[in-house]
Amino acid sequence: MPKVLVSDPIDQVGIDILSQVAQVDVKTDLSPDDLIKIIPAYDALMIRSGTRVTQAVIEAGNQLKIIGRAGVGVDNVDVLAATRKGIVVVNSPEGNTIAAAEHTLAMMMAMSRYIPDANQAVKASKWDRKHYTGVEVYKKTLGIVGLGKIGAHVATVARAMGMKLLAYDPFISHERAEQLGCRIVEMDVLLQQADYITLHIPKTAETTHLINEAAIARMKPTARIINCARGGIIDEAALAEALKSGKIAGAALDVYEQEPLGESPLRSLGKEMVMTPHLGASTEEAQANVAIDVAEQIRDVLLGLPARSAVNIPGLQPDLLEKLRPYLQLAETLGNLVAQLAGGRVESLTVRLQGELATNQSQPIVVAALKGLLSHALQERVNYVNASLEAKERGIRVIETRDASIKDYAGSLHLSAKGSLGEHSVTGALLGDSEIRITNVDEFPVNVPPNRYMLFTLHRDMPGIIGKIGSLLGDFNVNIASMQVGRKIVRGDAVMVLSIDDPLPDNILEEILKVPGIRDAYTVTL
């Protein structure tokens, strides 16, 4: 009989499911060394956030077939190491959707009616009804930043409550937003028009302190903010100052930049501030749901069935995985690149397998391209299983083609995406066994390796432009690692690709576009 190790506390219902097909050992609070010592005896490992599944643990787990994380994130699992050993890693991406959405709505109502402070007042034998005169949400405008699963459920309930809905999400189609009763607008419009603003986005370099002093200055003085997503999206010092000075009317936070919350100006605020200790997923149902979801997936894998929420590459045998892995990385890299060139709100993606690659199994490659396409927005929430579903929910049309006649490389991959910045395409290939090269950008031939920070320009092929761009970057203290120009005809249009050592300053694109002959410019972070 297979053996399953449960190394973090989980709901009993998950253990009961696993016990149907395996011997289940619950051993919590294991040290890293203890885990490494005992893991060779187990076929599956079920964890929550407490256990760190390092490469050393995975290497020791010679019998491991699956690692299950009862929750959304898998940042405590070395997914790459597991993938290399052919171990499936699963999570429960939707187990706490309803809990997080309902907590958001509860926070909105509690803030609007001053429920926490009024509750404390009554318990302290005070009866000051005038002091707690609140506001109604009916006919108010709710601005939803992020229309994923949680944001979409908030939208559905808020619409039923009679609220008007605005949404900002560069990765959601207008059609999907309309289905939810939302009007897609730019962030500035949402900030200016919304009575309530609720955040449902991951914390990334782009979203850190998205709500800052400048953003708050654009809001109505009656605006109220809710954040049950990730700490750090709001500049807490700026928020505290805005609430003290009356620039906005209220805020409700469930997540914070530092948790547990230490010394903070938020603590000194009055009834206008509602705070809870990261309770978004803390319902009996959510805890049971994630345990059931992951336990069922572990059970299925032990029975030889596929997992439904694998965060690595499900359903591939180790030999096929080893063969396709470089192409999956190529597809993911190109997907990430073309998404940023085309703009966030991608409407369609065409994936063309070329040369020898056209004879390979295509589905994993298409999924990898979608994962890359969506990764800039969804971060850890997108994986090889849910990428297709996430694309479908965002109204992205996916077209797959093959062309074995293209022989420029042994095998190459061409992606074309239509987005808010127009239609753009990229082609890539492998040099040797695994070295990725970008071989074509918008039908202009190039040959460059991907780099963390890149700058792409479309310009007239004329003397002086390369020097001017180099001097301009030098003026901004930007170091160029490599540069290449691709053109079709002399003195026609050309593409320049620069690999740079650091992110470009925010205002440099405006200066680049002022250079005579430059038609367009894009920054990319891979």
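Side-chain contact check for Tyr522 and Asp520: at least one donor-acceptor pair (N or O, by modelled atom type) lies under 3.5 Å. Counted by atom type alone, Gln340 and Asn336 present one or more donor-acceptor pairs between their side chains at under 3.5 Å. For the 3.5 Å distance criterion, the side chains of His424 and Asp442 qualify, holding a donor opposite an acceptor. For the residue pair Asn479 / Asp501, a side-chain donor-acceptor distance below 3.5 Å is found, with atom types taken as modelled. In summary, the side chains of Gln179 and His174 do not present any donor paired with an acceptor at a separation below 3.5 Å, with no hydrogens or angles considered.
The closest donor-acceptor contact from the side chain of Asn227 to the backbone of Arg230 lies under 3.5 Å. Arg402 contributes a side-chain N or O that, together with a main-chain N or O of Ala358, makes up a donor-acceptor pair within less than 3.5 Å. A donor-acceptor distance shorter than 3.5 angstrom exists from the side chain of Thr207 to the backbone of Thr204, with no hydrogens or angles considered. In this structure, Glu347 contributes its side chain and Ser173 its backbone to no donor-acceptor pair below 3.5 Å. Distance alone, capped at 3.5 Å, is enough to place a donor-acceptor pair between the Ser471 side chain and the Gly467 backbone. Side chain of Asn451 to backbone of Met454: no donor-acceptor contact under 3.5 angstrom is found. Side-chain N or O atoms of Glu257 include none that pairs as donor or acceptor with a backbone N or O of Asp235 at under 3.5 Å.
Within a 6.0 Å sphere centred on NZ of Lys418, other residues, nucleotides and ligands contribute 12 heavy atoms or fewer. Residue Gln258 places its CD atom among 12 or fewer non-hydrogen atoms of other residues, nucleotides or ligands, all under 6.0 Å distant. No more than 12 heavy atoms of other residues, nucleotides or ligands lie within 6.0 Å of CG in Asn477, so this atom counts as exposed by the packing criterion.
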Before giving the answer on side chain to side chain contact (heavy atoms under 4.5 Å, CB included), spell out for Met219 and Ile211 the whole-Å C-alpha distance, their side-chain angles and the decisive distance to 0.1 Å. CA-CA 10 Å; Met219 299 178 191; Ile211 304 300; 3.9 Å; yes

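Between Leu253 and Ile226 the shortest side-chain heavy-atom distance does not fall below 4.5 Å. Looking at Glu332 and Lys371, their side chains come closer than 4.5 Å, going by heavy atoms from C-beta outward. Taking 4.5 Å as the limit, some side-chain heavy atom of Arg452 sits within range of a side-chain heavy atom of Thr525.
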Can you give me every donor-acceptor pair (side chain of residues 488-497, partner residue at least two apart or in another chain, under 3.5 Å) with its distance?
residue	atom	partner	partner atom	Å
Asp493	OD1	Arg519	NE	2.7
Asp493	OD1	Arg519	NH2	3.2

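In this view, Asp169 satisfies the salt bridge (Lys or Arg N to Asp or Glu O under 4.0 Å) rule with no residue, not counting sequence neighbours.
Note on residues 182-198: pairs passing salt bridge (Lys or Arg N to Asp or Glu O under 4.0 Å), not counting sequence neighbours, are Asp188-Arg218, Asp195-Lys220.
Paired with Thr427 under the rule side-chain hydrogen bond (donor to acceptor under 3.5 Å, both in side chains), one option of Arg437, Glu443, His414, Arg352 passes, and it is His414.
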